[in-house]
Protein chains: 2
Amino acid sequence: MKTNSRFAFAVHILTMLAISDSKRMPSDFIAESAKTNPVIIRRVMLLLEKAGLITSQTGARGGAMLICKPKDITLLDVYNAVENVSIFSLHPNMPNPKCPVGKNIQNLLSDVFIKAELAMKEVLEAATIEQIKLAITKKT
Amino acid sequence: MKTNSRFAFAVHILTMLAISDSKRMPSDFIAESAKTNPVIIRRVMLLLEKAGLITSQTGARGGAMLICKPKDITLLDVYNAVENVSIFSLHPNMPNPKCPVGKNIQNLLSDVFIKAELAMKEVLEAATIEQIKLAITKKT
DNA sequence: ATATTCTGTAACAAATATAGTTACAATATT
DNA sequence: AATATTGTAACTATATTTGTTACAGAATAT
């Protein structure tokens, strides 16, 4: 499985915006903290904007800002904003329906996949951007 | 995220071997059921062999066979056999330690990642190859 | 013995995903 | 008018996945 860093980037962005509060923050600044290219940050910001989590503005003193309160943003919201495929995959080609296993395996697998992914998402749902923000600001 | 089908293939293979019981089954036969190339099946079989789940034999009347009983093989065993990376990724580059967020975010993310992945694995651990085998054989 | 049936493995191709880079038009503020 | 910033396109490099062909070596069958 080749995973990506979008979720980590997204949480990073939202945490910085939560700390910045009502002051807009540009992608360059976040990119320096996340040690990546500003365009990468902007691409993730677009997904967060689509999901209704942030708003961006072009021009001087522009940048991104949270729309909702940090305590109302769960990590599941963030995950759903940046990831839209299941963590499990079925067969690339439909198995042979003439074989009893081939005929039934995908339904049986899907049952387990859905339950397992749900369990994972429940953990993400229990964590919020506020919690992460507080864990950081309380340290300093 | 680019997922793979190895886990689905692995469960498919083990289920067929569970049904075949003590009779060895060649990769060609399984490949026909899974609608893929025999080499793909053999590659997954190698992983299952390394994990101590099956044994293979070359030559005529060769093929693969289960080592343990289907009820002793959990889907977590299978998952661990074919997948060895986390479903989540941290930043590609270490974030800036001069930024409070950059300094702490990876530890905080890791905590959540570990818990979420564990929850998913607990679901996999509750399912066995025997259950899947029975769900199929009882149908026919 | 010889032929047959398998695995194990290498080498390669094609498709897709990811992260990163440069560049620039459009937009908003100073 | 100058400056800062997003949105977006085009491109590169790298890695992963699946699939393919090919073949040596091993085990069985005849």
[X] has an atom [atom1]; how far is it from atom [atom2] of [N], in whole Å?
X: A:L47; N: C:dT18; atom1: CG; atom2: P; value: 11 Å
X: A:L17; N: D:dT6; atom1: CG; atom2: P; value: 11 Å
X: A:L90; N: D:dT17; atom1: CG; atom2: P; value: 16 Å
X: A:F29; N: D:dA4; atom1: CZ; atom2: P; value: 16 Å
X: A:R24; N: D:dT6; atom1: CZ; atom2: C1'; value: 11 Å
X: B:L46; N: C:dT9; atom1: CG; atom2: P; value: 6 Å
X: A:K50; N: D:dG7; atom1: NZ; atom2: P; value: 11 Å
X: B:R61; N: D:dT28; atom1: CZ; atom2: C1'; value: 8 Å

> Is there a donor-acceptor pair closer than 3.5 Å between any side-chain N or O of B:S5 and the backbone N or O of A:L90?
Replying inline: yes

> Under the side chain to side chain contact (heavy atoms under 4.5 Å, CB included) test, which residues partner A:E49, sequence neighbours left out?
Replying inline: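 A:L46, A:I54, A:S56.
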
> For B:K35, which residues count as a side chain to side chain contact (heavy atoms under 4.5 Å, CB included) partner, sequence neighbours excluded?
Replying inline: A:N93, A:N96

>> With heavy-atom distances below 4.5 Å as the criterion, would you say the side chains of A:N4 and B:S89 are in contact?
In response: no

>> With a 4.0 Å cutoff (strictly under), does any side-chain N or O of A:S5 reach OP1 or OP2 of C:dA19?
In response: yes

> Hey, is the side chain of A:S27 poking within less than 4.0 Å of OP1 or OP2 on D:dT6, counting only N and O atoms?
Replying inline: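 Yes, because at least one side-chain N or O of A:S27 sits under 4.0 Å from OP1 or OP2 of D:dT6.
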
> What one-letter contact string describes nucleotides 20-28 of chain C from 5' to 3', where B marks a base within less than 4.0 Å of any protein heavy atom, S marks contact via sugar-phosphate atoms alone, and - marks no contact?
Replying inline: BBBB---BB

>> Listing request: all side-chain hydrogen bond (donor to acceptor under 3.5 Å, both in side chains) pairs with a residue in residues 63-74 of chain A, at least two apart in sequence or in separate chains.
In response: A:T74-A:D77

> Do any pairs count as a side-chain hydrogen bond (donor to acceptor under 3.5 Å, both in side chains) and have a residue in residues 100-121 of chain A, sequence neighbours left out, and if so which ones?
Replying inline: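 Residue pairs with at least one partner in residues 100-121 of chain A: A:S86-A:E117, A:H91-A:Q106, A:N104-B:K139.
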
> Of all residues at least two apart in sequence or in a different chain, which pass the ring-ring contact (aromatic ring centres under 6.0 Å, His included) check with B:F7?
Replying inline: A:F88, A:F113, B:Y79

Short heteroatom pairs, N/O only, protein and nucleotides 14-17 of chain C, under 3.5 Å:
from, atom 1, to, atom 2, distance (Å)
C:dT16, O2, B:K2, NZ, 2.9

> Applying ring pair (Phe, Tyr, Trp, His ring centres under 6.0 Å), which residue pairs with at least one partner in residues 29-51 of chain A are found, sequence neighbours left out?
Replying inline: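 The answer is none; no pair qualifies.
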
Compile the donor-acceptor pairs under 3.5 Å between side chains in residues 17-24 of chain A and protein atoms, sequence neighbours left out, one pair per line.
from, atom 1, to, atom 2, distance (Å)
A:S20, OG, A:K23, O, 2.6
A:R24, NH1, A:T55, O, 3.3
A:R24, NH1, A:G63, O, 3.1

